[in-house]
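Lettering follows sequence order; numbering is per chain, from 1.
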Protein chains: 2
Amino acid sequence: MMNTEEQILAAARKVFINKGFDGARMQEIADEAGINKALLHYYFRTKEKLFERIFSESFQLIKPVFNLALGPEPDLHQFIRQFVNAYHALLKQMPFLPQFVLQELNRNPGRMIGLIGKQQIPMNDIKRVIDAEVKKGNISAVSPENLIVNLISLIIFPFVARPVLQEVVFGGDDAAFDNFLNGRSESIIQFFLLALSPEKS
Amino acid sequence: MMNTEEQILAAARKVFINKGFDGARMQEIADEAGINKALLHYYFRTKEKLFERIFSESFQLIKPVFNLALGPEPDLHQFIRQFVNAYHALLKQMPFLPQFVLQELNRNPGRMIGLIGKQQIPMNDIKRVIDAEVKKGNISAVSPENLIVNLISLIIFPFVARPVLQEVVFGGDDAAFDNFLNGRSESIIQFFLLALSPEKS
DNA sequence: AAATGGTTTAACTTTTTGGTTAAACTTTTT
DNA sequence: AAAAAGTTTAACCAAAAAGTTAAACCATTT
């Protein structure tokens, strides 16, 4: 059984992620948790503090992790395949997290400080790997920055823009969009590797 | 000189796009416009009505337009080149619109009804064109839905995710990100056409 | 079982906020 | 220039929302 603090966090998670900081109401969180509103303040003092707790865990959850497979002989193709599959699967579990985090970050970029740590993306390592692969003739030339942004864009954007995309590309068909998402991971990988493959006509 | 109504709209645009509906304050809009708060209600009755006006124009502005070049012999490569350049240039003019529209749409998808009209994306036409190009051997096989989503994702996402991307990929360097955006359009086109080019090893 | 410390609640306070109103001011009409 | 219509403001109102408090409740210790 969940204790009170856990109940509050679960309710806060739900409400904050749905409504954002500005749209969330302490009363709604209390109702969702089935407890008295005063308990929110007893356990977390202020709305801001409670929010920070939820935002922090959310950010850590979906912050893309690039610490994979950067040993001496890294396989870029394998890396891309694994990363896309893993990250896409994660987002399917929590489809609203990206929109939530991006929204709050746009509203207040300062929220990021302290949350990134040294987990920064090792751009130099990645650049080294890509340059090596280009030199070996395994891939066509791309700037590492664009490569990484492309990768992340293709994975995340459909989750952020689901309402418009579903309406405008899939005629509002909910099941059709779910179906699209199911094949999406494979499609991204294929598209990406095609774009990277060398020796074009 | 701007009349009162235009001043209000300009102020509302600024505040709503920055803060969203929930975060915006009527008093702040009035201050921004340099007028008395009562005038907001005199001209637009309610916060909701004023917001709808701003949201509607915003949505129309960034709704991707696909009515280009779908005549009898459409050139897909040319179309992609033009579309990416035009849409990217538009977003550079109004970099915060996508996040604003997507946020409000996620919060309340019902806002879209009445705003799309018959401007729906002509998926069947596009599918026809792509299938024809595939058959002619001009491009490799892709589902039209994935192609369109890829295109839109690559263009829009960097604007929506600027805070994180700038921090995590560009070490927080503002000028570096601006620079990245300047070359972005060309990079997308190149990447995209590579992914579409046929006859891979 | 009395006392103690921690938990929970109902009721309350304060601040914020969207919206209203009546009066003042300005412009246009006659 | 008087009247009428339209515009703008300060002051006000009511509802909503965050946060506080004192008392009740519960569990654990002695």
Does Thr4(B) put a side-chain nitrogen or oxygen below 4.0 Å from OP1 or OP2 of dT7(D)? no
Just the table, please: protein N/O against nucleotides 24-28 of chain C N/O, every pair under 3.5 Å.
none

Only pairs at least two apart or in different chains count here, so list each salt bridge (charged side-chain N to carboxylate O under 4.0 Å, His left out) that has a residue in residues 96-112 of chain A.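 For residues 96-112 of chain A: Glu48(A)-Arg111(A).
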Does anything in residues 141-158 of chain A form a salt bridge (charged side-chain N to carboxylate O under 4.0 Å, His left out)? List the pairs, not counting sequence neighbours.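 Listed once each, the pairs are Lys127(A)-Glu145(A).
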Sub-4.0 Å heavy-atom contacts from residues 12-29 of chain A onto DNA chain C, ordered by number: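 Correct list: empty, so none.
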Does anything in residues 48-56 of chain B reach DNA chain C, meaning a heavy atom under 4.0 Å, and if so which residues? none
Sort me out a list of protein N/O and nucleotides 23-26 of chain D N/O pairs below 3.5 Å, or just none if empty.
none

Quick one: do Asp125(A) and Arg128(A) satisfy salt bridge (Lys or Arg N to Asp or Glu O under 4.0 Å)? Show the steps, please. CA-CA 5 Å; Asp125(A) 293 353; Arg128(A) 192 170 40 71; 3.8 Å; yes
Just how far is it from atom [atom1] of [X] to atom [atom2] of [Y], taken to the nearest 0.5 Å?
| X | Y | atom1 | atom2 | value |
| --- | --- | --- | --- | --- |
| Phe21(B) | Asp22(A) | CZ | CG | 11.5 Å |
| Glu133(A) | Leu76(A) | CD | CG | 5.0 Å |
| Phe100(B) | Phe16(B) | CZ | CZ | 7.5 Å |

Not counting sequence neighbours, which residues clear salt bridge (charged side-chain N to carboxylate O under 4.0 Å, His left out) with Glu186(B)? List them please. none
Ring pair (Phe, Tyr, Trp, His ring centres under 6.0 Å) between Phe83(A) and Tyr87(A), intermediate numbers included: CA-CA 6 Å; Phe83(A) 178 77; Tyr87(A) 202 50; 5.5 Å; yes
For residues 140-169 of chain B, which residue pairs pass the ring-ring contact (aromatic ring centres under 6.0 Å, His included) check, not counting sequence neighbours? His88(B)-Phe159(B)
Toss me the dot-bracket line for DNA chain C: Watson-Crick and G-U wobble, both under 3.5 Å, 5' to 3', using | for pairs to another strand and [ ] for crossers. ||||||||||||||||||||||||||||||
Flag if over 12 foreign heavy atoms under 6.0 Å of CZ, Phe51(B): yes
Above 12 or not: heavy atoms from other molecules or residues under 6.0 Å from CD of Glu52(A)?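 For Glu52(A), atom CD is crowded (more than 12 foreign heavy atoms under 6.0 Å).
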Students often mix this up, so state it plainly: with edges at 30° and 60°, are the rings of Phe180(A) and Phe177(A) parallel, tilted or perpendicular?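 The rings of Phe180(A) and Phe177(A) sit tilted, inter-plane angle from 30° to 60°.
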Which heavy-atom pair separates [X] from [Y] by the least distance, and what is that distance?
| X | Y | result |
| --- | --- | --- |
| Met94(A) | Leu61(A) | SD-CD1, 3.9 Å |
| Leu9(A) | Ile54(A) | O-CD1, 3.7 Å |
| Gln7(A) | Ala33(A) | NE2-O, 3.3 Å |

Residues which pass ring pair (Phe, Tyr, Trp, His ring centres under 6.0 Å) with Phe59(A), listed by chain and number, not counting sequence neighbours: none
Let me know the distance between CD of Glu5(A) and P of dG6(C), rounded to the nearest Å.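 That distance rounds to 15 Å.
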I need the residues from residues 32-47 of chain A with at least one non-hydrogen atom less than 4.0 Å from DNA chain D; give them sorted by number, or say none.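 Per residue number, the list reads Lys37(A), Ala38(A), His41(A), Thr46(A), Lys47(A).
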Does any pair with a residue in residues 31-43 of chain B pass side-chain hydrogen bond (donor to acceptor under 3.5 Å, both in side chains), and if so which ones, sequence neighbours excluded? Lys14(B)-Glu32(B), Gln27(B)-Asp31(B)
